[in-house]
Amino acid sequence: MDATASGGFLRFFRAFDGLDDPRAGDVRHGLHEMVVIALLGVICGCDGWAQVALFGQRKAGWLRTFLALPGGIPSHDTFGRVFARLDPAAFERCFLAWASALVESAGGKLVAIDGKAIRRSFARAWDRSGMAHLASAFVTQGGNQLVFGQVAVEDKGNEIVAIPRLLALLDLAGATVTIDAIGCQRAVAAQVVGQGGDYVLPAKANQPALLAKVKALADDVARDHAKGAAGTRVGYREESTDAHGRVEVRRVWVSDEVGWLGDDLLGLWPGLAGGAVVVVERSRLDLGAFGPPAGDGTGDRTPAAATVERHYYITSPGGLDAGRVAAAIRGHWAVENNLHWQLDVTFREDERRIRTGHGAENFSRLCRFALNLLKRDASAKGGIQTKRLQAGWDNDFLLQLISQ
């Protein structure tokens, strides 16, 4: 191992210095070495503890070039027992320590918060209450997209409880935080602002008073802008795409004249008094779709009408920069397209049947470690799956990934 790779590997290894071994007494297999083997196995395509153990056995000679392995390679049962008992909060702190070394802070970045269930992590088919549900923070800036934190929740509804815990783990100074409707809570807004960040939150039916006033104000702003009314403070941006037989037009209006919302509402939502309201209108026309026949039904069918929908948001940063707001709202969906989709399709997370103790959550965290490493690598061409195959075939490339 050259000096550069050795330094990167040591930084990764040291991230686990604070991780306590859940086993008591003398143990044959070091915890840190088990974590490294498991992570390397996941990078190379392992999808369970039996595959991780087999990976270790087949790579034992190479692994001994940088790991001591006094007890050899652990069995799959040992991997399963240890990771089922491993404190997920402590493991998450190690994850954050390592991720923070990759991204110095969240300043100037978009932090998208979203939840995801691991759909086959229940113990019994007739009782899915034990299914693991995770809330993750996904940091996007330029070409860098990394998982930056993760906490477990009991179910989808309890994301309201988990989101503040997840935010508390992050450095939000200078960051813009986006969350879906479940996170549109006054306490969440207060926490983001209190930690030095800004928010872009959707106003939906779970906050009826907020939605009613934001909708009325934002629709008025959009209507006045369309009429060219003088004196209206509004930022506007329009974009369109024409692909796959569908034309989509996206229009964004933003206004910082939030005083019209009323002092009572502004007093309830920290940061909103200096912020803005936003309406996003999406118009979609499927070029291959047709409506009913024209006239008496004997003529050619007419093209189907476009579908138009509007969504409303509140933001803590003020101003009229509609482009910035539009980028934040679009960027939130990166957590679906670049995290959840990768975990489901490439890492097959929804098919995994690990379900004992903290095993499902901790294996998911290993997958997020692996995804960050694979995304950061710029030396190999191809997508995530291609890089995983290459890592399994090429020991030097695999070590390069973990030594970034």
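Note that the numbering runs from 1 along the sequence shown for the chain. For the numbers below, each heavy atom of this structure counts, side chains included, while hydrogens, waters and symmetry mates do not.
- Contact annotation: the side chain of Pro202 never approaches that of Tyr312 to less than 4.5 Å [non-hydrogen atoms, C-beta and beyond].
- Contact detail for Leu166 and Ala137: the closest heavy-atom pair is CD2-N, 3.7 Å.
- The structure places OG1 of Thr315 at 9.0 Å from CD1 of Ile329, a figure rounded to the nearest 0.5 Å.
- Side-chain contact check for Val177 versus Val200: every heavy-atom pair is 4.5 Å or farther apart.
- For the residue pair Ser75 / Asp77, no side-chain donor-acceptor distance below 3.5 Å is found, with atom types taken as modelled.
- Without hydrogens or angle criteria, Lys204 side chain to Ala181 main chain gives no donor-acceptor distance under 3.5 Å.
- Listed for the Glu33 side chain is a donor-acceptor partner under 3.5 Å among the backbone atoms of Ala68.
- In this structure, CH2 in Trp253 is found 14.0 Å from CZ in Arg237, a value given to the nearest 0.5 Å.
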Legend entry - Derivation and outcome, side chain to side chain contact (heavy atoms under 4.5 Å, CB included), residues Lys59 and Ile73: CA-CA 10 Å; Lys59 295 278 190 178; Ile73 302 297; over 6 Å; no

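- Side-chain contact check for Gln207 versus Leu201: every heavy-atom pair is 4.5 Å or farther apart.
- Considering every non-hydrogen atom in both Arg23 and Arg85, the closest pair reads CA-NH2, 3.9 Å.
- The shortest distance between side-chain heavy atoms of Phe369 and Val42 does not fall below 4.5 Å.
- The backbone N or O of Phe397 lies less than 3.5 Å from no partner atom in the side chain of Asn395, so there is not a single donor-acceptor pair.
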Legend entry - side chain to side chain contact (heavy atoms under 4.5 Å, CB included) between Asp87 and Phe91, worked out: CA-CA 6 Å; Asp87 181 4; Phe91 201 13; over 6 Å; no

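- Contact record, Leu373 with Ile43: CD1-CD1, 3.8 Å, taken as the closest heavy-atom pair.
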Inset, instruction - Applying side chain to side chain contact (heavy atoms under 4.5 Å, CB included), run through Leu31 and Leu86 and close with a yes or a no. - result: CA-CA 10 Å; Leu31 178 62; Leu86 188 62; 4.1 Å; yes

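- At a cut-off of 3.5 Å, with distance as the only test, no side-chain donor of Asp198 or Thr176 sits close to an acceptor on the other residue.
- Residue Arg64 places its CZ atom among more than 12 non-hydrogen atoms of other residues, nucleotides or ligands, all under 6.0 Å distant.
- Closest non-hydrogen pair, Ala60 versus Leu69, comes out as O-CD1, 4.4 Å.
- For the pair Arg310 (side chain) and Glu281 (backbone), a donor-acceptor distance under 3.5 Å is absent.
- For the pair Cys184/Tyr313, no side-chain contact is recorded, criterion being any heavy-atom separation below 4.5 Å from C-beta on.
- With Arg251 as reference, Glu238 is the one residue of Glu238, Glu239, Glu309 to meet the salt bridge (charged side-chain N to carboxylate O under 4.0 Å, His left out) rule.
- Annotation for Ala222 and Val279: closest pair CB-CG1, 4.3 Å, computed over non-hydrogen atoms.
- Side-chain contact between Val36 and Ile402 is present, with heavy atoms from C-beta onward closer than 4.5 Å.
- Side-chain atoms of Gln400 and Ser379 form a donor-acceptor pair, as typed in the model, at a separation below 3.5 Å.
- Between Leu268 and Asp264 there is no side-chain heavy-atom pair separated by less than 4.5 Å.
- Looking only at side-chain heavy atoms (C-beta outward), Val221 and Asp219 stay at 4.5 Å or farther from each other.
- Note that CD of Glu248 and OG1 of Thr307 are 8.5 Å apart. Values are rounded to the nearest 0.5 Å.
- Between atom CG of residue Leu39 and atom CZ of residue Arg368 there is a gap of 13.5 Å, rounded to the nearest 0.5 Å.
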Inset, instruction - Please assess Asp256 against Val277 for the test side chain to side chain contact (heavy atoms under 4.5 Å, CB included), listing each intermediate value before the final yes or no. - result: CA-CA 6 Å; Asp256 58 5; Val277 295; over 6 Å; no

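- Remark: the backbone N or O of Phe16 is not paired with any side-chain donor or acceptor of Arg93 at under 3.5 angstrom.
- The OG atom of Ser316 sits 8.5 Å away from the CG atom of Leu272 when rounded to the nearest 0.5 Å.
- When atom types are taken as modelled, the side chain of Lys387 and the backbone of Leu374 share a donor-acceptor pair closer than 3.5 angstrom.
- Taking the six-membered ring where the residue is Trp, Trp49 and Phe363 present perpendicular rings, their angle passing 60° and hence far from 30°.
- Rounded to the nearest 0.5 angstrom, Thr178 OG1 and Tyr199 OH are separated by 14.0 Å.
- For the side-chain contact (heavy atoms from CB on, under 4.5 Å) with Val280, the qualifying choice from Val254, Val325, Val252 is Val252, the only one to do so.
- Remark: the backbone N or O of Ala380 is paired with a side-chain donor or acceptor of Asp377 at under 3.5 angstrom.
- Side-chain N or O atoms of Gln195 include none that pairs as donor or acceptor with a backbone N or O of Leu172 at under 3.5 Å.
- Between Glu92 and Leu169, the shortest heavy-atom contact is CG-CD1, 4.0 Å.
- The aromatic rings of Phe66 and Trp62 sit perpendicular, their planes meeting at an angle over 60°, well past the 30° parallel limit.
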